[in-house]
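See structure below.
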Amino acid sequence: MDVQQMLFMFAGGLGIFLFGLKYMGDGLQKSAGDSLRSILNQMTSTPVRAIIAGIVVTVLIQSSSGTTVLAVGLVSAGFMKLKQAIGVIMGANIGTTVTAFIIGIDIGAYALPIMASGAFLLFFFKNVTINSIGQIIFGFGALFYGLELMGEGMYPLREFQAFKDLMINMGDNPILGVGVGTIFTWLVQSSSGSIGILQELYSQGQISIEGALPVLFGNNIGTTITAVLAAIGASIPAKRTAASHIIFNLVGTLVVLLAIRPFTSMIVAITPIFNLNPAMQIAVAHGLFNVTNVLIQMWFIGYLAKIVTSLIPGDDAIIEYDASHLDFSIITTVPSVALNQAKLEVKQMGDFVLEEFKEMFKYYKNQDETSLSNTLQLEEVVNDIDTRLTEYLMHISVEDLPVKSSTEHTQMMDITKYLERIGDHSENILNNIKEAAKAQKKLAKKLNREPEKIFHDDDLIALFNLVEENISDAITSFTQDSYVLAGKVIKREKEVNRLEEEIRKKFIQRLNSGTGLPSDGILFVDIVSNLERMSDHSVKIAKHSLGIRYPFQQDSKRPRHAREVEGATETN
């Protein structure tokens with residue numbers, strides 16, 4: 001076999017292996033339901049539960065890197081504390097060992113029929129569940145088929161003296177083995193992939209157990225690069241989470257290197273007892289290493305959090321999410337109390353929506369990366385609260401509620417959606433500003449001058465301020481039952497509509513006179529439209545506060561003051 005054929009078989013096999021691993025993970029995730037974030041959100045109250053959550057999610061998606069990135073995102077969005085994320089990362093290190101055990105099952109000869117049966121379920125059945133099972137089976141077969149191809153491609157390496165020397169040197173110098181494992185995992189971007197290759201090499205007898213184990217430990221360090229990449233440009237807590245992942249794996253590797261000889265002897269000793277094949281021998285070593293590492297370091301999660309906090313100084317994220325409001329256990333027993341809890345969550349969601357608007361407004365004024373990042377994080381939080389709150393309110397809806405509570409339940413269902421849409425409009429405006437700012441930078445670079453602030457317009461700034469007031473007053477009018485504030489929102493809406501119309505006319509006149517680009521005009525008008533829609537949603541919230549949103553909200557059931565405010569708005 002020539003070198004080209006060897007490279008092609010190895011590269012192709014690696015590609016099929018990684019595809020099979022991901023495809024199987026996607027199928028497992030679909031079968032289990034799209035609830036990975038919920039598992040991490042709800043099962044991380046203690047270090048042990050966080051570790052279990054990390055194990056479960058990693059087994060479902062077959063990727064410790066994926067679980068770590070998910071944890072980084074949740075910390076960045078304020079849904080998880082640093083200590084919780086460290087526990088999840090520790091659990092992910094245990095969960096990833098499952099893949100090595102799967103590879104240890106020597107069924108490579110049956111890879112093609114396994115893929116065929118998976119494809120049969122995928123293409124000849126329309127049922128979603130059966131399709132997901134077919135995806136799992138096909139990915140499982142592809143994983144082993146990829147390993148077989150890699151093995152065939154690597155087999156002739158035993159004839160190369162340089163490769164032999166490297167394998168021998170790794171046995172004599174564990175630090176070299178750790179370095180090789182780290183670099184290779186970093187290149188492949190998959191610890192499971194690099195461990196699969198190591199298992200194949202060891203099964204072929206091309207590397208000794210003394211050389212294989214340090215490479216195995218290096219894999220754990222190499223996999224941290226994914227968390228580092230995920231934390232680039234993220235919040236301070238997200239960076240601390242990535243740093244804790246690196247420290248955890250580094251410390252574990254250093255500890256086991258100090259005891260490398262007894263550890264190797266133990267693996268050799270248990271091999272005949274459990275009749276382990278070479279691939280399973282590596283899997284057991286991987287499992288023991290990670291479980292022991294977690295059992296030792298789980299008691300020091302608090303200290304690890306303090307270390308990364310001191311290494312990466314700075315303020316925590318602007319987002320502090322309180323997840324204690326939505327208690328599902330009280331819905332069936334005291335639904336009225338559950339409804340009050342939901343109202344607290346509506347208030348919290350409203351606070352985040354208003355903060356998102358303010359950060360987006362800052363980005364309009366400054367075009368700075370901090371405001372951009374904060375707006376996107378807050379939008380993620382708003383979307384997540386929307387999902388959780390809607391589910392909570394749907395559970396309450398099946399309970400018997402008094403008429404007044406039933407009306408309030410309907411209001412909260414609506415207001416939740418209005419708030420979520422206001423957040424969407426903030427994101428739309430952000431994208432418009434970002435696109436225009438990017439074009440302005442290109443133009444400035446072409447003309448060799450400093451980029452100008454885009455869309456700077458006094459009337460537009462005035463519109464931003466009016467809409468911000470409307471959002472703030474509308475939310476407060478509902479949470480504090482303030483009819484006065486609700487009336488102000490409805491009155492202010494007329495000024496918003498007037499200003500929006502003036503801005504549109506003025507900008508059209510600018511375009512007609514040849515000032516500005518048509519593309520900028522489209523973005524500008526889109527920003528104005530989004531602001532006007534935000535104000536519309538604020539008015540709908542205010543009308544709910546007044547009890548005039550729908551015809552079924554009868555006049556006699558509304559307070560006299562609410563009717564007075566309504567009458568005042570109609571006469572202006």
Side-chain angles (χ1 to χ4, degrees), residues 1 4-34 36 57-67 95-157 184-185 187-204 206 219 223 276-283 286-287:
M1 186 185 297
Q4 179 179 309
Q5 191 176 357
M6 285 171 53
L7 288 174
F8 283 3
M9 288 189 72
F10 174 77
L14 179 61
I16 294 172
F17 174 86
L18 294 176
F19 169 78
L21 192 64
K22 185 178 186 307
Y23 203 59
M24 181 174 69
D26 290 344
L28 285 165
Q29 184 176 335
K30 288 178 184 176
S31 299
D34 191 18
L36 301 180
V57 172
T58 304
V59 170
L60 287 176
I61 65 176
Q62 286 295 294
S63 170
S64 60
S65 298
T67 303
T96 195
T97 62
V98 172
T99 309
F101 280 101
I102 291 173
I103 295 170
I105 305 169
D106 188 14
I107 55 172
Y110 304 99
L112 290 175
I114 291 172
M115 290 172 67
S117 58
F120 180 80
L121 295 179
L122 277 168
F123 287 97
F124 293 100
F125 291 89
K126 294 183 180 180
N127 184 277
V128 175
T129 303
I130 294 177
N131 282 171
S132 297
I133 294 170
Q135 188 171 340
I136 295 168
I137 295 172
F138 185 87
F140 187 69
L143 185 151
F144 284 100
Y145 184 62
L147 274 175
E148 290 285 302
L149 284 179
M150 280 194 292
E152 289 180 35
M154 291 185 297
Y155 191 80
L157 286 173
F184 191 74
T185 304
L187 291 173
V188 175
Q189 284 289 292
S190 169
S191 60
S192 297
S194 56
I195 290 170
I197 293 168
L198 180 65
Q199 286 175 294
E200 195 65 32
L201 283 171
Y202 183 60
S203 298
Q204 293 178 1
Q206 299 195 51
N219 290 335
T223 194
L276 303 176
N277 63 39
M280 194 62 77
Q281 203 175 348
I282 297 295
H286 189 217

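Residue numbers start at 1 and run along the sequence shown.
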Between [atom1] of [X] and [atom2] of [Y], what distance do you get to the nearest 0.5 Å?
X: Gln5; Y: Leu7; atom1: CD; atom2: CG; result: 10.5 Å
X: Thr97; Y: Ile282; atom1: OG1; atom2: CD1; result: 13.5 Å
X: Glu200; Y: Met150; atom1: CD; atom2: CE; result: 7.0 Å
X: Ile16; Y: Leu143; atom1: CD1; atom2: CG; result: 11.0 Å
X: Ile130; Y: Phe120; atom1: CD1; atom2: CZ; result: 10.0 Å
X: Ile133; Y: Thr129; atom1: CD1; atom2: OG1; result: 6.5 Å

Practice item. Kindly indicate, with the supporting measurements, whether the criterion side-chain contact (heavy atoms from CB on, under 4.5 Å) is fulfilled by Tyr145 and Ile114. Key: CA-CA 10 Å; Tyr145 184 62; Ile114 291 172; over 6 Å; no
Please name the pair of heavy atoms, one in [X] and one in [Y], separated by the smallest distance, quoted to 0.1 Å.
X: Gly134; Y: Leu122; answer: C-CG, 4.0 Å
X: Asn277; Y: Gly104; answer: ND2-O, 3.0 Å
X: Ala279; Y: Ser203; answer: N-OG, 3.6 Å
X: Ser192; Y: Ile103; answer: O-CD1, 4.2 Å
X: Gly141; Y: Ala111; answer: O-CB, 3.6 Å
X: Glu152; Y: Gln204; answer: N-NE2, 4.5 Å

In the structure I gave you, are the side-chain heavy atoms of [X] and [Y] within less than 4.5 Å of one another anywhere?
X: Leu21; Y: Thr99; value: yes
X: Leu147; Y: Gln199; value: no
X: Phe184; Y: Leu198; value: no
X: Phe17; Y: Ile197; value: no

Check your understanding: Angle class for the Tyr23/Phe19 ring planes (parallel below 30°, perpendicular above 60°, tilted otherwise)?
Key -> parallel
Check your understanding: Can you list the residues that meet the side chain to side chain donor-acceptor pair (under 3.5 Å) rule with Thr185, with sequence neighbours excluded?
Key -> Ser194, Asn219
Review point. Sequence neighbours excluded, which residues qualify as side chain to side chain contact (heavy atoms under 4.5 Å, CB included) partners of Ala119?
Key: Phe123, Phe138
